[in-house]
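Report on the structure given below.
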2 protein chains.
Amino acid sequence: MNVQFKKGVLELCVLALTAWEDRYGYELAVSISHKFEVAVGSVYPLLNRLTLEGYFSTYLRESPEGPPRKYYKLTPLGHTHLMELTVEWRSFSQAVDQIIKEGVER
Amino acid sequence: MNVQFKKGVLELCVLALTAWEDRYGYELAVSISHKFEVAVGSVYPLLNRLTLEGYFSTYLRESPEGPPRKYYKLTPLGHTHLMELTVEWRSFSQAVDQIIKEGVER
DNA sequence: ACTTACTATTCATTAATGCAATATAGGTTG
DNA sequence: CAACCTATATTGCATTAATGAATAGTAAGT
């Protein structure tokens, strides 16, 4: 899988996955890597950045089988940001599909 | 438009647009920027890299209204690369759409 | 002459990811 | 008991791509 494609989209993915329930970092990394390859070392710095930017608040809970889990909860600002990113992603990916169609499938 | 979304995708776009006809750099930059914002300063270095990597051959032609144009012609290797990138893009963008659906639209 | 549109090049800056190393807790196996 | 594996979080370094600005040259219009 092309490494570059993921830039910026990983952000959209973690925001989307926390829209309805709080999640912890490792869980997010595993969830996403079911769809496309992603390293845990890519997810944590991202979560920290998004928290610093005010899109997440966090809290700790014990895990039944390991160190305590750090849960990420979307803030109202985070919700807004998620919606904006989703809209941008849709229009961007449609533009790319169109270029492929015009170029490749003619 | 989110800058990060474009990473790697610009490469796919210029390859796709040269699949059926040779194009010159400025033309590519303008074509793509009809769909989403892109700086000419992003396109030329990209074209040079792709040429170095063997995906393009180039030739010059006079322009009816300006300096000579440098045309980019897809090599067989370039065609192969385009097909691979297209497949990767489709599976990637579908994966992202699915994550959005699971997360946001539940 | 001056400006604007067309076309190509180059460089410093910014920003995100991958990978590897580190750490800690709990369970499993030799 | 020691070694090891899984779950979980953190951090630093190398890699890589897009941007914006500066540079430059041609042709056409005022």
Side-chain angles (χ1 to χ4, degrees), chain A residues 1-15 22-53 55-56 58-72 81 85 88-89 92 95-96, chain B residues 1-15 22-33 35-53 55-56 58-72 81 85 88-89 92 96:
Chain A
M1 171 63 60
N2 190 310
V3 171
Q4 300 301 325
F5 286 172
K6 304 174 201 169
K7 308 267 166 150
V9 179
L10 199 51
E11 175 169 339
L12 170 56
C13 292
V14 301
L15 290 168
D22 303 349
R23 310 253 200 174
Y24 56 99
Y26 189 77
E27 181 188 16
L28 286 167
V30 171
S31 277
I32 296 175
S33 66
H34 286 153
K35 307 285 180 169
F36 56 86
E37 271 178 58
V38 91
V40 283
S42 307
V43 175
Y44 288 115
L46 171 62
L47 290 170
N48 284 326
R49 174 170 65 81
L50 295 175
T51 305
L52 276 180
E53 293 174 345
Y55 300 136
F56 282 129
T58 66
Y59 56 93
L60 286 176
R61 283 273 187 284
E62 308 148 13
S63 159
E65 36 189 335
R69 294 166 172 169
K70 190 168 179 179
Y71 280 85
Y72 293 83
H81 185 52
L85 269 188
E88 278 189 32
W89 165 255
F92 176 73
V96 174
Chain B
M1 171 62 62
N2 190 314
V3 171
Q4 300 302 323
F5 286 170
K6 302 176 200 170
K7 305 270 167 153
V9 180
L10 199 49
E11 175 169 340
L12 169 57
C13 292
V14 301
L15 290 167
D22 304 349
R23 309 254 201 173
Y24 57 99
Y26 189 76
E27 181 188 16
L28 286 167
V30 171
S31 277
I32 296 176
S33 66
K35 308 284 179 168
F36 56 87
E37 270 179 58
V38 90
V40 283
S42 307
V43 175
Y44 289 116
L46 170 62
L47 290 170
N48 285 327
R49 174 170 67 81
L50 295 175
T51 305
L52 275 180
E53 293 174 345
Y55 300 136
F56 282 129
T58 65
Y59 56 91
L60 286 175
R61 283 272 186 285
E62 309 149 13
S63 160
E65 38 190 334
R69 296 166 171 169
K70 189 168 180 180
Y71 280 86
Y72 292 83
H81 185 53
L85 270 188
E88 279 188 29
W89 164 258
F92 176 73
V96 175

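Here is the naming used below: chain letters follow the sequence lines, and residue numbers restart at 1 for every chain.
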Discussion item. For D22(B), give me all partners under side-chain hydrogen bond (donor to acceptor under 3.5 Å, both in side chains), at least two apart in sequence or on another chain.
Written reply: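 Per chain and number, D22(B) pairs via side-chain hydrogen bond (donor to acceptor under 3.5 Å, both in side chains) with Y59(B).
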Practice prompt. Taking side-chain hydrogen bond (donor to acceptor under 3.5 Å, both in side chains) as the test, write out the residues that go with E65(B), two or more places apart.
Written response: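 Expected list: none.
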Might you list the N or O atoms of the protein lying below 3.5 Å from N or O atoms in nucleotides 4-6 of chain D, with each pair's distance?
none

Worksheet item: Hey, which of these two, S63(A) or R49(A), hits DNA chain C nearer its 5' end, going by closest nucleotide?
Response: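 Checking each residue's closest nucleotide, the 5'-ward one belongs to R49(A).
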Worksheet item: Between G8(A) and P67(A), which has a closest nucleotide on DNA chain C that is more 5'?
Response: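 Residue closer to the 5' terminus by nearest nucleotide: G8(A).
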Practice prompt. Please state how far atom CZ in F5(B) lies from atom P in dA16(C), giving the value in whole angstrom units.
Written response: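 Nearest whole value for this atom pair: 12 Å.
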Worksheet entry | Atom pair distance, as rounded to whole Å: CD in E11(A) and P in dA16(C) |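 Going from E11(A) (CD) to dA16(C) (P), I get 7 Å.
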Indicate every side-chain donor-acceptor pair of residues 38-48 of chain B with a distance under 3.5 Å to a residue at least two apart or in another chain.
from: Y44(B); atom 1: OH; to: Y26(B); atom 2: N; distance (Å): 3.4
from: N48(B); atom 1: ND2; to: Y44(B); atom 2: O; distance (Å): 3.4

Worksheet item: Can you tell if the side chain of Y72(B) reaches within under 4.5 Å of the side chain of L50(B), non-hydrogen atoms only?
Response: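 No, side chains not in contact.
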Fill in: Check: Y24(B) main-chain N/O paired with E27(B) side-chain donor or acceptor under 3.5 Å
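It does hold such a pair.
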Worksheet item: What nucleotide, of dT8(D), dA16(C), dA18(D), holds the atom closest to the side chain of R69(A)?
Response: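 Of the candidates, dT8(D) comes closest.
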Worksheet item: Does a side-chain N-to-carboxylate-O contact under 4.0 Å join E62(B) and R69(B)?
Response: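 No.
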Fill in: Shortest non-hydrogen separation from Y71(A) to R61(A) and the atoms involved
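Looking at all heavy atoms of both residues, the closest pair is CE1-CB, 3.6 Å.
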Fill in: Most 5' of G66(B) and A39(B) on DNA chain D, judged by nearest nucleotide
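Per heavy-atom nearest nucleotide, the more 5' residue is A39(B).
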Output one line per pair: protein atom, nucleotide atom from nucleotides 10-12 of chain D, and distance, for all N/O pairs under 3.5 Å.
from: dT10(D); atom 1: OP1; to: K70(A); atom 2: NZ; distance (Å): 2.8

Discussion item. Per the salt bridge (Lys or Arg N to Asp or Glu O under 4.0 Å) rule, what does the pair list look like for residues 35-44 of chain A, sequence neighbours excluded?
Written reply: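 As it turns out, the salt bridge (Lys or Arg N to Asp or Glu O under 4.0 Å) pairs with a partner in residues 35-44 of chain A, which skip direct neighbours, are K35(A)-E102(B).
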Worksheet item: With sequence neighbours excluded, what pairs up with Y55(B) under the ring pair (Phe, Tyr, Trp, His ring centres under 6.0 Å) test?
Response: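 Applying ring pair (Phe, Tyr, Trp, His ring centres under 6.0 Å) to Y55(B) gives H81(B).
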Item to complete: Find the distance between NZ (K6(A)) and CZ (F5(B)) and round it off to the nearest 0.5 Å.
Response: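 Between K6(A) NZ and F5(B) CZ, I get 15.5 Å after rounding to 0.5 Å.
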Practice prompt. Could you pull out all residues at least two apart from E88(B) that satisfy salt bridge (charged side-chain N to carboxylate O under 4.0 Å, His left out)?
Written response: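 Here no residue qualifies.
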Protein and nucleotides 12-14 of chain C: nitrogen or oxygen contacts under 3.5 angstrom:
none

